[in-house]
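Read the structure below first, then the notes.
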Amino acid sequence: MRAILKPKDFNLKYSFESGQPLGFYADFLDNILSYNVHSHIVRVKQDADSGALKLESDSIQFAKAEVSSRFRLGDNMERIYNEISTDRFMEQSIQKYNGLRVTLNDPWETLVVFIISQNNNIKRIRNSTLRLIERFGKVTQFGKEFPSLDDFLDANESDFKAAGLGFRSRYMLHAIEYCTDNLDLRMLKNKDSSDIKDELLQIKGVGDKIADCVALMGYGKLDAFPIDVWIKRILEKVYFKGTTISIERLHDFAADKWGKYAGYAQQYLYWNARNNFSML
DNA sequence: ACCCAGGCGGGCG
DNA sequence: CGCCCGCATGGG
């Protein structure tokens with residue numbers, strides 16, 4: 001079955017490729033995104049001219065809701081752009097990657113991929129994620145999908161080593177144990193980003209940056225501002241004349257400058273820095 | 001061969 | 001506290 005969505009200010013390619021959870025395991029071939037979730041298959045193609053989204057799924061009702069949620073199609077980008085366009089560099093970043101969305105993903109899924117992401121590169125994060133899905137993924141009629149917490153309950157360290165997680169393997173084991181015995185991730189949904197971070201920081205292997213990523217991309221807290229090496233580099237270069245600034249000060253800077261939409265600002269900074277840093 | 005990657009924990013001063 | 005080091009692995 002098929003359906004059409006016509007979102008404004010949306011770019012599927014940028015949103016998929018910009019280092020967010022779905023990009024670490026979904027397929028994007030011939031400009032067609034496809035992935036399995038909740039026992040359904042979703043395919044999305046964006047028309048190059050009109051920007052309209054053509055959806056295919058076994059359940060078109062599900063697919064519409066899933067894609068709208070995942071890519072935050074309800075966000076008023078005009079308003080968000082207006083709020084975060086506080087300087088020339090951000091305006092250029094928005095112009096260059098217009099339609100890039102922060103995505104909204106399952107909290108557990110987000111936690112897992114960003115634990116894998118530490119001291120790692122995009123290619124290896126994806127390879128490891130795909131191997132975890134192969135090993136632990138939920139089997140459906142359309143293929144395997146990202147494993148839930150329960151799917152990992154009998155996992156051991158050698159499974160994660162085999163998936164290439166290396167020293168992160170014991171972090172995964174601790175996350176599984178902690179989220180099973182001490183912390184129900186579903187209970188964090190209605191908390192604010194600061195409280196969510198405080199809870200996640202109890203997990204060994206989760207620090208300030210990963211906690212911000214989960215708050216932003218796993219819980220949709222748009223004020224969360226993950227600061228990785230790229231964000232630090234670009235902020236220091238563009239806004240501080242190349243001088244070294246502490247993470248704490250950079251957080252204050254971002255909160256002051258971009259406020260409740262700092263997470264969106266972060267995604268544009270990140271993707272611009274990743275693609276053009278040497279030229280900026 | 002060698003370097004480095006969307007960081008973090010632990011130990012030391 | 002802040003700083004610094006090691007960490008598993010494999011892609012470029």
Side-chain angles (χ1 to χ4, degrees), chain A residues 14-26 93 97 100-105 107 109-132 134-135 155-178 193 197-219 221 224-237 243-252 254 262-278 280:
Chain A
Y14 296 154
S15 304
F16 174 78
E17 290 182 340
S18 56
Q20 303 192 245
L22 196 63
F24 293 129
Y25 65 89
S93 301
Y97 297 105
L100 167 60
R101 299 290 178 118
V102 168
T103 61
L104 179 60
N105 309 270
E109 168 181 320
T110 309
L111 178 61
V112 170
V113 299
F114 282 107
I115 285 175
I116 298 174
S117 79
Q118 63 180 93
N119 198 41
N120 213 341
N121 61 54
I122 298 280
K123 181 72 77 178
R124 290 194 76 255
I125 298 165
R126 184 174 164 92
N127 286 341
S128 288
T129 303
L130 291 174
R131 281 193 268 183
L132 285 188
E134 188 53 41
R135 170 67 181 81
N156 55 51
E157 187 161 7
S158 62
D159 290 320
F160 295 126
K161 294 270 189 177
L165 268 65
F167 67 89
R168 308 164 196 84
S169 298
R170 63 190 189 88
Y171 297 155
M172 272 299 298
L173 290 176
H174 186 261
I176 292 163
E177 182 185 354
Y178 194 82
S193 59
K197 285 181 66 175
D198 287 344
E199 298 277 8
L200 295 173
L201 287 171
Q202 302 305 310
I203 302 170
K204 195 168 298 195
V206 175
D208 182 67
K209 189 268 177 183
I210 294 177
D212 266 319
C213 283
V214 177
L216 178 62
M217 301 174 214
Y219 290 100
K221 305 301 174 180
F225 189 83
I227 301 179
D228 71 336
V229 290
W230 290 100
I231 294 296
K232 190 167 190 299
R233 278 178 199 154
I234 197 71
L235 288 179
E236 288 171 348
K237 183 167 185 173
T243 59
T244 299
I245 309 292
S246 71
I247 299 286
E248 189 180 0
R249 278 195 59 198
L250 292 176
H251 270 303
D252 290 341
Y264 258 107
Q266 179 272 161
Q267 200 59 28
Y268 281 85
L269 289 172
Y270 172 74
W271 201 227
N272 196 1
R274 282 303 302 253
N275 292 314
N276 310 291
F277 186 80
S278 61
L280 299 175

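For clarity, every value in this text was computed on a predicted model and none was experimentally measured. So you know, we letter chains A, B, ... as the sequences are listed, proteins then strands, and number each from 1.
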Residues touching DNA chain B, which here means a heavy atom under 4.0 Å, drawn from residues 203-216 of chain A: Ile203(A), Lys204(A), Gly205(A), Val206(A), Gly207(A), Asp208(A), Lys209(A), Ile210(A)
Nucleotide nearest Trp230(A) when distance is taken to its side chain, options dG10(C), dC8(B), dG6(B): dG6(B)
Side chain to side chain contact (heavy atoms under 4.5 Å, CB included) evaluation trace for Ile247(A) with Lys209(A): CA-CA 10 Å; Ile247(A) 299 286; Lys209(A) 189 268 177 183; over 6 Å; no
Single hit among Arg274(A), Gln267(A), Gln266(A) for side-chain hydrogen bond (donor to acceptor under 3.5 Å, both in side chains) with Tyr270(A): Arg274(A)
Interatomic distance where CG belongs to Asn121(A) and C1' belongs to dC3(B) [whole Å]: 11 Å
Nearest-Å distance once atom P is located in both dC8(B) and dG10(C): 22 Å
is_close_aromatic(Tyr97(A), Tyr14(A)), centroid dist under 6.0 Å: yes
Whole angstrom value for the distance that separates C1' of dG12(C) from CG of Asn127(A): 13 Å
Chi angles and distances behind the side chain to side chain contact (heavy atoms under 4.5 Å, CB included) call for Ile234(A), Trp230(A): CA-CA 6 Å; Ile234(A) 197 71; Trp230(A) 290 100; over 6 Å; no
Point-to-point distance, once rounded to the nearest 0.5 Å, from CG of Leu100(A) to CD of Gln20(A): 6.5 Å
Donor-acceptor pair (no angle test) under 3.5 Å: Gln266(A) side chain, dG6(B) base: yes
Minimum-distance nucleotide to Arg124(A) side chain [options: dG6(B), dA5(B), dG10(C)]: dG10(C)
d(CD, Glu157(A); P, dC7(C)) in whole Å: 15 Å
Whole-angstrom distance between dC7(C) and dC3(B), as gauged at atom C1': 15 Å
Test side chain to side chain contact (heavy atoms under 4.5 Å, CB included) applied to Phe167(A) and Asn119(A), step by step: CA-CA 10 Å; Phe167(A) 67 89; Asn119(A) 198 41; 4.1 Å; yes
Nearest-angstrom distance from the residue atom NZ of Lys197(A) to C1' of dC8(B): 14 Å
Rounded distance (Å) that lies between atom C1' of dG11(C) and atom CD1 of Ile116(A): 17 Å
Residue met sooner reading DNA chain C from 5', once Asn120(A) and Lys123(A) are mapped to nucleotides: Asn120(A)
Ser128(A) side-chain N/O to Ala163(A) backbone N/O, donor-acceptor pair under 3.5 Å: yes
Between dA5(B) (P) and Ile122(A) (CD1): distance, integer Å: 12 Å
Sugar-phosphate only, base, or nothing, as touched by Arg233(A) at under 4.0 Å among non-hydrogen atoms: sugar-phosphate
Phe114(A) aromatic ring stacked with six-membered ring of dG6(B), 5.5 Å and 30°: no
Integer-rounded Å distance: dG6(B) C1' and Asp228(A) CG: 4 Å
Gap in Å between the two C1' atoms, one belonging to dC4(B) and one to dG6(C), rounded: 15 Å
Which residue lies more 5' along DNA chain C, comparing Leu165(A) with Glu248(A) via nearest heavy atoms: Glu248(A)
Those residues of residues 167-174 of chain A lying under 4.0 Å from DNA chain C by at least one heavy atom: Phe167(A), Arg168(A)
Any strand: nucleotide that pairs with dG6(B) via Watson-Crick or wobble, under 3.5 Å: none
Separation of atom CD in Gln202(A) from atom P in dC8(B), rounded to whole Å: 14 Å
Side-chain touch Leu216(A)/Val102(A), heavy atoms, less than 4.5 angstrom: yes
Tyr178(A) six-ring face occupied by Lys204(A) cation (under 6.0 Å, within 45°): no
Chi angles and distances behind the side chain to side chain contact (heavy atoms under 4.5 Å, CB included) call for Arg126(A), Thr129(A): CA-CA 5 Å; Arg126(A) 184 174 164 92; Thr129(A) 303; 5.6 Å; no
Minimum-distance nucleotide (side-chain atoms of Lys161(A) versus dT9(C), dC7(C), dG11(C)): dT9(C)
